[in-house]
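Protein chains get the first letters and strands the later ones, always in sequence-line order, with residue 1 at the start of each.
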Number of protein chains: 2
Amino acid sequence: MAQLDSLSEGARRILSIAAPLFAERGYTGVSINEIAAATDGSKANIFHHFPNKEALYLAVFKSACDEFGTELKDLADERSDNDNRLQIIGKQHLLRLFSKSDSVRLILREVIDGESGINRSLVAEILHHNFGTIVEQIEEEQRQGRIRDDVNPAMTAVTIVALNMFFFQTMTILEQFQEFRHLDSPQQFAREAFEAIAKGLLVK
Amino acid sequence: MAQLDSLSEGARRILSIAAPLFAERGYTGVSINEIAAATDGSKANIFHHFPNKEALYLAVFKSACDEFGTELKDLADERSDNDNRLQIIGKQHLLRLFSKSDSVRLILREVIDGESGINRSLVAEILHHNFGTIVEQIEEEQRQGRIRDDVNPAMTAVTIVALNMFFFQTMTILEQFQEFRHLDSPQQFAREAFEAIAKGLLVK
DNA sequence: GTCTATAAAAGGATAGAC
DNA sequence: GTCTATCCTTTTATAGAC
């Protein structure tokens, strides 16, 4: 939020319209012209609010980081009793990805093709925090005796994050595979996958 | 290979130089100018070999699909007896990703931001074939009694692919996390992750 | 804060010589 | 097959009025 508040109304409007465009097609894939058209405004007005295209992109990116960094309290307690603990943790994370998909896409872009610059360490920080939250949840479950003691929390967290990012990125393609025809939502997808890995991780 | 043979020497040279550029920065991120400079040649020569930029990109992309589609026989039997079967399957897949990283990146780009066009079904086909190979390997292990009967081969394959794609994409960032400081290669990384999931999937 | 007009550069693509 | 020169369009960015 820090930097978002310091922006004017008009600037924030531009930001929110540019975000999904950059998220979908990346920095070079979107022109100021196009953003101006999307805002029903002029190019010059965008350059009034931001010194140049890169600054606009950076503002969009930082605001995506802010958004992704804030917690989702509302989703936290939507747990069904049929699910095991790992499934709950995994499902929450997946819902988070989909509910903030533009921000996630923007951050993912930097992960994948970011030059090793300032953005990259910002990304590392965000991811590490996000990752740490999941590790903590797993450790808590271990203390409660609901996940086996001998599993490595960090590696388990990696598995959860990896599966969810994979679903997030390939959903539209996986849907076409016969093997998965019976699954009609990412949630159901994730449920089956976590069920598979959980078999070995839970206390029996 | 099919389409690669039909190209002239000069065209193939351009292709091979353009590939890593497109892989790293995407279609809109690379200009014909830049490709020409990288080939030490002229823009006009590129347009002599390819009707337009899109055709060049498509040729690069198809050739990436060809390369990724061909099997890696040489890596197939580098198995250490300390590893369990899932680790071997996973490690092979990961080595494949890294040894063909430009092609993988190009294909991943289409997965992530491809418009739903011809490329997309090509990508789906490639991924499905790749995926099918892993499923078959797991089923074979189940027949041999080395992996439990009650695990879903498709879901297990998804987990392997997801973990490996995640490593491939985030390697340079994960390296910065303290939790993983002791891991100095993707292989070691993958080994630990698969060890974690394998605990529940192998016959005991 | 927002606009129109315009500059300056880069990008995709073509013509025509060698 | 490869080049130089050129064209047209798009893009980033600025100047200056309202």
Query raised in the report: Taking atom CZ of R181(B) and atom CD of Q176(B), what is their separation to the nearest 0.5 Å?
Result: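 Going from CZ on R181(B) over to CD on Q176(B), the span is 7.5 Å.
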Query raised in the report: Rounded to the nearest 0.5 Å, how far apart are CZ of R105(A) and NZ of K100(A)?
Result: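 Answer for the CZ-NZ pair, R105(A) versus K100(A), is 15.0 Å.
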Query raised in the report: Any idea which heavy atoms bring L15(B) and A59(B) closest together, and the distance?
Result: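 In terms of heavy atoms, the two residues are closest at CD1-CB, 3.5 Å.
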Query raised in the report: What are the two closest heavy atoms between L122(B) and C65(B), and how far apart are they?
Result: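 Heavy atoms of L122(B) and C65(B) come nearest at CD2-SG, 4.1 Å.
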Query raised in the report: Any Lys/Arg nitrogen of R146(B) or E141(B) sitting under 4.0 Å from an Asp/Glu carboxylate oxygen of the other?
Result: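 Yes.
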Query raised in the report: Any Lys/Arg nitrogen of D113(B) or R109(A) sitting under 4.0 Å from an Asp/Glu carboxylate oxygen of the other?
Result: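 Counted as a salt bridge, because a side-chain N and a carboxylate O are separated by less than 4.0 Å.
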Report task. Identify whether NZ of Lys or CZ of Arg in K91(A) sits under 6.0 Å from the centre of the six-membered ring of F194(A) and within 45° of that ring's axis. Result ->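 Pair K91(A)/F194(A) does not count as cation-pi.
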Between [X] ([atom1]) and [N] ([atom2]), how many Å, whole number?
X: D40(A); N: dT4(C); atom1: CG; atom2: P; value: 12 Å
X: L7(B); N: dG1(D); atom1: CG; atom2: P; value: 11 Å
X: K53(B); N: dG11(C); atom1: NZ; atom2: C1'; value: 8 Å
X: L21(A); N: dT11(D); atom1: CG; atom2: C1'; value: 16 Å

Query raised in the report: Under a 4.0 Å heavy-atom cut-off, which of residues 42-50 of chain B touch DNA chain D?
Result: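 Under 4.0 Å from DNA chain D: S42(B), A44(B), N45(B), H48(B), H49(B).
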Query raised in the report: When you look at CD of Q144(B), are more than 12 heavy atoms from neighbouring residues, nucleotides or ligands closer to it than 6.0 Å?
Result: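 Enclosed: over 12 neighbouring heavy atoms sit under 6.0 Å from CD of Q144(B).
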Query raised in the report: Listed in order of residue number, which residues of residues 23-38 of chain A have a non-hydrogen atom at under 4.0 Å from DNA chain C?
Result: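 Output list: empty, so none.
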